[in-house]
Amino acid sequence: MRDRRERQMYVCGITPYDATHIGHANTYVSFDLIHRMWLDQGREVTFVQNVTDVDDPLLDRARATGQDWQALAEGETALFRDDMKALHVMPPQHYVGAVESIPLVIKHIERLSAAGDTYLVDDDLYFEVHRDLEFGGISHLDESTMIELFAERGGDPGRTGKRHVLDCLVWQAERPDEPAWESPFGRGRPGWHIECAAIALEFLGTGIDVQGGGSDLIFPHHEMSVSECHRSARQVPFAHHYVHSGMVSWHGHKMSKSRGNLVLVRRLRDHGIDAAVIRLALLAHHYREDWEWVDGDMSEAQTRMHTWRRALTVDDGPASHAVIQQIRELLADDLQAPRALKAVDQW
Ligand code: 5CA
Ligand code: ZN
């Protein structure tokens with residue numbers, strides 16, 4: 001299994017209601033390193049990513065600004081793709097929206113229901129998370145921490161009528177003034193975790209190499225979507241490696257669209273900063289590290305880029321094969337990008 005040439009990776013995509021910030025960029029540049037490392041090893045890579053183009057925060061933002069929710073999602077997704085292109089993040093083979101995946105979501109909910117893993121609370125359909133005996137195996141959290149994070153991150157532990165406080169919504173019945181689609185469970189829309197479960201299973205199946213995203217997705221999102229994958233596919237494990245990048249903060253808090261403490265990639269680019277310099281500033285931090293963005297990061301990266309570019313114009317400089325080998329070894333050892341940058345500095 002470990003020697004096969006193919007590699008498969010699923011990385012959670014954005015919820016497109018605001019522009020790409022440095023935290024997003026850091027996460028996607030981190031997974032781009034894995035993607036490129038595999039390609040450099042001569043492997044066939046299948047890389048899949050979703051875009052959560054219908055969800056509560058997106059609908060809330062559209063309502064607050066009087067925009068059409070679809071136009072908002074399309075516009076922000078296009079900006080995100082442009083930022084990723086500028087940052088030299090290679091695109092996934094399959095970039096799949098939640099809305100276009102609704103038939104897939106329905107298919108996977110039907111599989112869960114056939115196995116007796118779902119139940120209704122009023123008209124909303126829930127997944128019983130503990131039907132997956134592996135539930136909890138990604139986050140390794142105690143139950144009270146799970147409940148706390150579930151409440152903070154889109155869950156509803158306080159709702160009455162659930163069999164277990166941690167059970168999660170897979171199909172939400174139509175609400176006034178919100179988009180809804182026909183399904184065997186009534187008109188409504190998908191829950192968040194089942195979106196990623198359905199897309200990943202459809203385009204990759206189980207036993208994939210890497211499921212990834214930022215560390216704020218470990219619980220509940222990855223724990224729950226992986227349990228849904230296990231139960232829908234009747235196969236364990238969904239992934240051999242659950243990989244999470246660290247959180248970038250600014251002004252003392254995690255950079256987030258909801259808080260609004262954002263350093264936007266677009267704004268830096270508009271100020272004339274080369275996206276390659278932004279990428280270099282990100283790579284100076286190990287992917288699992290949590291770190292605070294400071295303006296100094298940018299000038300350091302700028303100096304480094306300037307030095308490297310000047311070195312490349314020297315005709316009789318040292319040969320590069322040794323440093324390339326060193327970069328390969330450092331990346332293969334838990335993606336030690338900061339040390340790889342230092343190796344290039346030395347060269
Ligand atoms: N659409 C869902 C995933 S299915 C979502 O979490 N979207 S998001 O737009 O909120 O985040 C997109 C990605 O950026 C996620 O992997 C998330 O973990 C990561 N991310 C968000 N904020 C930060 C941050 N401050 N630092 C690093 N990564 C972040
Ligand atoms: Zn996801």
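For ligands, and for the atoms within them, numbers begin at 1 and follow the listed sequence. Residue numbers run from 1 in the order of the sequence given.
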Notebook entry, point to check: Is the shortest N/O to N/O distance between Asn50 and ligand 1 below 3.5 Å?
Noted result: no
Margin query: Within ligand 1, which atoms have a heavy atom of Tyr28 less than 4.0 Å away?
Written below: 12 (C), 13 (C)
Checklist line | Residues Tyr126 and Arg163: side-chain donor-acceptor under 3.5 angstrom | finding: no
Next item on the list: Could you tell me which atoms of ligand 1, counted from 1 in the order shown, lie closer than 4.0 angstrom to a heavy atom of Ile14?
Entry: 1 (N), 7 (N), 9 (O), 12 (C)
Check: Would you find more than 12 non-hydrogen atoms of other residues, nucleotides or ligands less than 6.0 Å from Arg81 atom CZ?
Finding: no
Next item on the list: Please check if any side-chain donor atom of Tyr17 sits under 3.5 Å from a side-chain acceptor atom of Asp60, or the reverse.
Entry: no
Checklist line | Sub-4.0 Å heavy-atom approach of His21 to ligand 1 | finding: yes
Note to self: Quick check on Cys196 - does any of its heavy atoms sit under 4.0 Å from an atom of ligand 1?
What the structure shows: yes
Item checked: Polar contact flag, side-chain donor to acceptor under 3.5 angstrom, His222-His244 -> yes
Item checked: Atoms of ligand 1 close to Met255 [distance to a heavy atom under 4.0 angstrom, numbered from 1] -> 22 (N), 24 (C), 25 (N)
Next item on the list: Identify the protein heavy atom lying closest to atom 21 (C) of ligand 1, giving its residue, its atom name and the separation to 0.1 Å.
Entry: His24 CD2, 3.8 Å
Notebook entry, point to check: To which of His222, His244, His253, Lys257 does the heavy atom nearest atom 10 (O) of ligand 1 belong?
Noted result: Lys257
Margin query: Within the supplied structure, the quantity of interest is the number of heavy atoms (other residues, nucleotides, ligands) at a distance under 6.0 Å from Asp123 CG; does it exceed 12?
Written below: no
Check: Is Asn26 in contact with ligand 1, taking contact as a heavy-atom separation below 4.0 Å?
Finding: no
Next item on the list: Starting from atom 19 (C) of ligand 1, locate the nearest protein heavy atom and write down its residue, its atom name and how far away it is, to 0.1 Å.
Entry: Thr27 OG1, 3.8 Å
Checklist line | Check: Met247 N/O within less than 3.5 Å of ligand 1 N/O | finding: no
Check: Does an N or O anywhere in Trp192 fall below 3.5 Å from an N or O of ligand 1?
Finding: no
Notebook entry, point to check: Which heavy atom of the protein is the closest neighbour of atom 27 (C) of ligand 1, given with residue, atom name and distance?
Noted result: Gly23 O, 3.1 Å
Margin query: Strictly distance-based, threshold 3.5 Å: is any side-chain N or O of Asn261 a donor or acceptor partner for the main-chain N or O of Trp250?
Written below: yes
Margin query: Any nitrogen or oxygen of Gly213, side chain or backbone, less than 3.5 Å from one on ligand 1?
Written below: no
Check: Evaluating non-hydrogen atoms only, which member of Val51, Asp216, Asp55, Leu262 is closest to atom 17 (C) of ligand 1?
Finding: Asp216
Check: Would you call Arg153-Asp216 a salt bridge at under 4.0 Å N-O?
Finding: no
Notebook entry, point to check: Is the shortest distance from a heavy atom of Gly246 to ligand 1 less than 4.0 Å?
Noted result: yes
Check: Are any of the N or O atoms of Ser245 closer than 3.5 Å to those of ligand 1?
Finding: no
Next item on the list: Using the Zn ion (ligand 2) as the apex, give the angle to atoms NE2 (His221) and SG (Cys12), rounded to 10 degrees.
Entry: 110°
Margin query: Between Asp82 and Arg266, does any side-chain N to carboxylate O distance fall below 4.0 Å?
Written below: yes
Note to self: For the 3.5 Å polar cut-off, considering only N or O atoms, please tell me whether Leu217 and ligand 1 meet it.
What the structure shows: no
Check: Is it the case that more than 12 heavy atoms not belonging to Gln302 sit under 6.0 Å from its CD atom?
Finding: yes
Notebook entry, point to check: With respect to atom 5 (C) of ligand 1, which of Gly212, Gly13, Cys12 exhibits the smallest heavy-atom separation?
Noted result: Gly13
Notebook entry, point to check: Donor-acceptor pair, Arg43 side chain versus Glu6 backbone, under 3.5 Å?
Noted result: no
Next item on the list: Would you mind listing which atoms of ligand 1 come within a distance below 4.0 Å of any non-hydrogen atom of Lys254?
Entry: 22 (N), 25 (N)
Next item on the list: Identify the protein heavy atom lying closest to atom 26 (N) of ligand 1, giving its residue, its atom name and the separation to 0.1 Å.
Entry: Val248 N, 2.9 Å
Item checked: ligand 1 atoms in contact with Thr52 (distance to a heavy atom under 4.0 Å) -> 1 (N), 2 (C), 4 (S)
Note to self: Considering non-hydrogen atoms of the protein only, which is the closest contact for atom 16 (O) of ligand 1, and what is the distance?
What the structure shows: Gly214 N, 3.1 Å
Notebook entry, point to check: Does His221 have a heavy atom less than 4.0 Å from any atom of ligand 1?
Noted result: yes
Note to self: Between Trp308 and Asp345, does the side-chain hydrogen bond (donor to acceptor under 3.5 Å, both in side chains) criterion hold? Intermediate values first, please.
What the structure shows: CA-CA 7 Å; Trp308 287 11; Asp345 292 343; 2.8 Å; yes
Notebook entry, point to check: Around atom NZ of Lys162, are there more than 12 heavy atoms of other residues, nucleotides or ligands at under 6.0 Å?
Noted result: yes
Note to self: Are there over 12 heavy-atom neighbours, none belonging to Glu44, within less than 6.0 Å of that residue's CD?
What the structure shows: no
Margin query: Any carboxylate oxygen within less than 4.0 angstrom of a Lys/Arg side-chain nitrogen, looking at Arg231 and Asp117?
Written below: yes
Notebook entry, point to check: So does Asp68 have more than 12 non-hydrogen atoms from other groups sitting under 6.0 Å from CG?
Noted result: yes
